A.B. asks: 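This is the structure I have questions about; it appears just below.
Worth saying up front: this structure is predicted, and the values here are computed from it rather than measured.
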Amino acid sequence: MQNTLIPAGIYQSKALRLSEKMLQDIRFGCFREREHLPSEQELSRHYGASRTTIRRVISILISNGALVKEPNKTARITGSGSEEGGTFAVPDSVSDTVSLAFVYAGVPDGFIVGTGEGAKEFCRKNGCRLQFFTSEQGHDDVIEMLNHAEELGIDGLIVLPYETEAYRNAIRRLLDRNFPIVCLDRPLAGMKLNSVEVDNSGAVCLAASTLITRFSRPVYYLGAVPNHSTQQNRLNGFRMAMREAGYSDRIGDYFLLYPATDNDPEYWDEAKMQEPPYRKVKSFLSGASLPVSILCMNDYVALAVYKAAEDLGLEIGRDVMVCGFDDLPLARLQVPPLSSIEQPRRRIGSEAADLLCKLIAGKIGRTVNLRLPVEFHERESTLGTIRENNLKTGDQI
């Protein structure tokens, strides 16, 4: 973990200190002309704290009996112990620095590093604080952080979630408390989560259609059995391209699927990650009628195709046409260079931080799922003797 989890009492200190201040204000009559507290926005400006912190303070005072929560109203002041004091007034302006956290489990790769840099750049420009809570060993520390997010002095979370019950439960608890969250890459299925991702289905459809048209043959899809929305959308894009090319009745014959390993930390190491796709594609290529075209779920999967082809004495770009997804730096370093679909990693991180700040400020009252455009970079692994300009998908929201 880049940030070590600290006992919850330390993280609660900001809300506790402010609750003591607000309780003192109540007792000294600062709100004596009112039956109910002012709005969260007014309290946020008055005390120089985020609305998330104000919500924590109100919860503390409700539990202490100083306030009573009423449906569809701000908290009601009980009126006990009040003394003489001034009336409540909202200052014209109070500075409040927003504190964001980027949360993920996994080994940092080009996507993680790029999106993190984009979020950092946004925070530098806009005066926000940004913390990273990460774990390369497993999910437990990250789940623990999510379960205590409200106590950490953090106003909102950028999360790379996994499709497991532990993540679902932790994020559902935060949603029930209206805690601001933006998911990267893959919102959890069936949950109303704000997210920033790319046009996965459109990008794969574009790449697959290009290969089908160029070589006048179907394309194979090599990837994990989908266990989250990104994987499913990429597979859907492949299906779309095959249907449009007239291969509807044969799509299933061109799936090269293997069991998903994303959730298992044992497979986060790059070499281990490539074992399932390597076994699948080597078995396939051993008996395939060449040449073939293979569209891979990501660049790491594409590397497994390179290794299998080398072990079988086959040539990438002649016997096997290969395309990846993500356009990690390693794509250009392959021999021959790997065709791949580039995600705008820095922009994804920047847009996620921007969306999160708007949610914290209460400027957005609906669920937002932002899809960003990608670029398809064709290189020697699929070009053969034909070279074309980069193709670009359009923006979608």
A.B. asks: Taking the side chain as C-beta and beyond, is there a heavy-atom pair between Ile212 and Arg217 under 4.5 Å?
C.D. replies: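 Result no, sub-4.5 Å side-chain heavy-atom pair not found.
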A.B. asks: Kindly say whether Ala271 contributes a backbone atom to a donor-acceptor pair with the side chain of Asp269 at under 3.5 angstrom?
C.D. replies: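 Pair found, side chain donor or acceptor close to backbone of Ala271.
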A.B. asks: Taking atom CG of Leu285 and atom CG of Leu290, what is their separation to the nearest 0.5 Å?
C.D. replies: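 Spacing of CG (Leu285) from CG (Leu290) equals 7.0 Å.
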A.B. asks: When Ile, Leu, Val, Met, Phe, Trp and Tyr are grouped by side-chain heavy atoms lying under 4.5 Å apart, directly or through other members, which residues fall in the same group as Leu333?
C.D. replies: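 Answer for Leu333: none, a lone residue.
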A.B. asks: Kindly say whether Leu174 contributes a backbone atom to a donor-acceptor pair with the side chain of Asp176 at under 3.5 angstrom?
C.D. replies: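 No, Asp176 side chain to Leu174 backbone: no donor-acceptor pair under 3.5 Å.
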A.B. asks: Any non-hydrogen side-chain atom of Leu206 less than 4.5 Å from a side-chain atom of Asp199?
C.D. replies: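 No, too far: nothing below the 4.5 Å cut-off.
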A.B. asks: Is any side-chain heavy atom of Tyr258 closer than 4.5 Å to one of Met297?
C.D. replies: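 Yes, their side chains come closer than 4.5 Å.
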A.B. asks: Do you know which of Arg318, Glu315, Glu380 makes side chain to side chain contact (heavy atoms under 4.5 Å, CB included) with Pro336?
C.D. replies: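 Output: one option passes, namely Glu380.
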A.B. asks: When you measure from the side chain of Thr213 to the backbone N and O of Ser209, does any donor-acceptor pair fall under 3.5 Å?
C.D. replies: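 Here the side-chain-to-backbone pair exists.
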A.B. asks: Determine yes or no for a side-chain-to-main-chain donor-acceptor pair under 3.5 angstrom, with Ser350 supplying the side chain and Arg346 the backbone.
C.D. replies: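 No: the side chain of Ser350 does not pair with the backbone of Arg346.
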A.B. asks: Determine whether Pro373 and Arg347 make a side-chain contact, defined as any pair of heavy atoms from C-beta on separated by less than 4.5 Å.
C.D. replies: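 Yes; the side chains approach each other to less than 4.5 Å.
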A.B. asks: Do Leu67 and Leu18 sit in the same hydrophobic cluster, where Ile, Leu, Val, Met, Phe, Trp and Tyr count as joined when their side-chain heavy atoms come under 4.5 Å apart?
C.D. replies: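 Yes, Leu67 connects to Leu18 through the hydrophobic network.
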A.B. asks: Out of Val322, Ile294, Val219, which residue meets the side chain to side chain contact (heavy atoms under 4.5 Å, CB included) rule with Leu211?
C.D. replies: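 One option only clears the test, and that one is Val219.
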A.B. asks: Look at the side chain of Ser381 and the backbone N and O of Ser339, then say whether any donor-acceptor pair between them is shorter than 3.5 Å.
C.D. replies: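 Yes, the answer is positive, given that a donor and an acceptor are paired below the 3.5 Å cut-off.
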A.B. asks: Would you check if the side chain of Gln231 reaches a backbone N or O of Asn227 as a donor-acceptor pair within less than 3.5 Å?
C.D. replies: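 Judged by distance alone, yes, a pair lies under 3.5 Å.
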A.B. asks: Look only at the side chain of Asp109 and the backbone of Ile112, and say whether a donor-acceptor pair between them is shorter than 3.5 Å.
C.D. replies: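 Side chain of Asp109 to backbone of Ile112, a donor-acceptor pair under 3.5 Å: yes, one is there.
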A.B. asks: Return yes when atom CD of Glu310 has more than 12 non-hydrogen atoms of other residues, nucleotides or ligands closer than 6.0 Å, and no otherwise.
C.D. replies: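 Not more than 12 within 6.0 Å, no.
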A.B. asks: Same cluster or not: Leu370 versus Leu100, using hydrophobic residues (I, L, V, M, F, W, Y) connected whenever any side-chain heavy atoms lie under 4.5 Å apart?
C.D. replies: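 Shared cluster, yes.
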A.B. asks: With the side chain counted from C-beta on, respond yes when Phe133 and Tyr104 share a heavy-atom pair under 4.5 Å apart, and no when they do not.
C.D. replies: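 Answer no - side chains too far apart.
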A.B. asks: Mind telling me whether Phe132 and Phe102 have parallel, tilted or perpendicular rings, with 30° and 60° as the class edges?
C.D. replies: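 Because their plane-to-plane angle is under 30°, the rings of Phe102 and Phe132 count as parallel.
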A.B. asks: Answer whether the closest heavy-atom distance between the side chains of Val182 and Val196 falls below 4.5 Å.
C.D. replies: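 The answer is yes, as the side chains (C-beta and beyond) meet within the 4.5 Å cut-off.
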A.B. asks: Can a donor-acceptor pair be found between the side chains of Arg243 and Tyr247 at a distance below 3.5 Å?
C.D. replies: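 No - no donor-acceptor pair under 3.5 Å links their side chains.
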A.B. asks: Hey, what do you get for SG (Cys128) to CD1 (Ile360), rounding to the nearest 0.5 Å?
C.D. replies: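 If I round to the nearest 0.5 Å, the distance is 7.5 Å.
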A.B. asks: Pairing donors with acceptors under 3.5 angstrom, does anything connect the side chains of His228 and Gln232?
C.D. replies: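 Side-chain D/A pair, His228 to Gln232: absent.
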A.B. asks: Is a salt bridge present between Glu244 and Arg239, judged by a nitrogen-to-oxygen distance below 4.0 Å?
C.D. replies: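 Arg239 and Glu244: not salt-bridged.
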A.B. asks: How many angstroms lie between CE in Met321 and OG in Ser293, if you round to the nearest 0.5 Å?
C.D. replies: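 So the gap between those two atoms works out to 6.0 Å.
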A.B. asks: Rounded to the nearest 0.5 Å, what separates atom CH2 in Trp268 from atom CG in Asn263?
C.D. replies: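 With rounding to 0.5 Å, CH2 (Trp268) is 8.5 Å from CG (Asn263).
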A.B. asks: What verdict does the salt bridge (charged side-chain N to carboxylate O under 4.0 Å, His left out) test give for Glu378 and Arg214, after you've listed the backbone C-alpha separation in whole Å, the side-chain angles of each residue and the deciding distance to 0.1 Å?
C.D. replies: CA-CA 12 Å; Glu378 290 206 79; Arg214 173 166 299 141; 2.7 Å; yes
A.B. asks: What pairs meet the ring-ring contact (aromatic ring centres under 6.0 Å, His included) rule with one or both residues in residues 273-309, with sequence neighbours excluded?
C.D. replies: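 Residue pairs with at least one partner in residues 273-309: Tyr220-Phe284.
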A.B. asks: Roughly how far apart are Phe376 CZ and Ile341 CD1, rounded to 0.5 Å?
C.D. replies: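 The distance works out to 6.0 Å.
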A.B. asks: Quick one: which residue pairs count as a salt bridge (charged side-chain N to carboxylate O under 4.0 Å, His left out) with a foot in residues 324-345, not counting sequence neighbours?
C.D. replies: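 Found Arg234-Asp326, Asp327-Arg332, Asp327-Arg379.
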A.B. asks: Could you tell me whether the side chain of Ser135 and the main chain of Val142 form a donor-acceptor pair under 3.5 Å?
C.D. replies: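 No, because the side chain of Ser135 does not come within donor-acceptor range (under 3.5 Å) of the backbone of Val142.
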A.B. asks: Should Val292 and Leu312 be regarded as members of a common hydrophobic cluster, given that ILVMFWY residues are connected when their side-chain heavy atoms come within less than 4.5 Å of each other, either directly or indirectly?
C.D. replies: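 The answer is yes; both residues are in one hydrophobic cluster.
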A.B. asks: Under the criterion side chain to side chain contact (heavy atoms under 4.5 Å, CB included), which of Ile158, Asp155, Val98 is the partner of Leu356?
C.D. replies: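 Going through Ile158, Asp155, Val98 one by one, the side chain to side chain contact (heavy atoms under 4.5 Å, CB included) with Leu356 is satisfied by Ile158 alone.
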A.B. asks: Going by heavy atoms in the side chains, are Lys307 and Asp311 under 4.5 Å from each other?
C.D. replies: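 Yes, close enough: below the 4.5 Å cut-off.
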A.B. asks: Checking the side chain of Thr53 only, and the main-chain atoms of Ala49 only, is there a donor and an acceptor separated by less than 3.5 Å?
C.D. replies: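 Between the backbone of Ala49 and the side chain of Thr53 there is no qualifying donor-acceptor contact (under 3.5 Å).
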A.B. asks: Starting from the C-alpha separation in whole Å, work towards a yes-or-no answer on side-chain hydrogen bond (donor to acceptor under 3.5 Å, both in side chains) for Arg173 and Asn147.
C.D. replies: CA-CA 8 Å; Arg173 280 192 289 270; Asn147 285 331; 2.4 Å; yes
A.B. asks: Measure the spacing between CG of Leu303 and CG of Leu338 and express it to the nearest 0.5 Å.
C.D. replies: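 Leu303 CG to Leu338 CG: 7.0 Å, rounded to 0.5 Å.
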A.B. asks: Between Ser340 and Asp299, do the side chains contain an N or O donor and an N or O acceptor separated by less than 3.5 Å?
C.D. replies: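 Side chains of Ser340 and Asp299: pair found under 3.5 Å.
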A.B. asks: With side chains defined as the heavy atoms from C-beta onward, is the minimum distance between Leu157 and Met145 less than 4.5 Å?
C.D. replies: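 The answer is yes, as the side chains (C-beta and beyond) meet within the 4.5 Å cut-off.
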A.B. asks: Any ion pair linking Glu42 and Arg45 (charged N to carboxylate O, less than 4.0 Å)?
C.D. replies: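 Between Glu42 and Arg45 there is no salt bridge, as every charged N stays at least 4.0 Å from the carboxylate O atoms.
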A.B. asks: Using a 3.5 Å distance criterion without hydrogens, assess whether the side chain of Asp185 forms a donor-acceptor pair with backbone atoms of Ser195.
C.D. replies: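 Not at all, since once roles are kept as given, no pair shorter than 3.5 Å links the two residues.
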A.B. asks: Within 45° of the ring axis of Tyr162 and under 6.0 Å from its six-membered ring centre, is that where the NZ or CZ of Arg186 lies?
C.D. replies: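 Because its charged atom sits under 6.0 Å from the ring centre and within 45° of the axis, Arg186 does stack over Tyr162.
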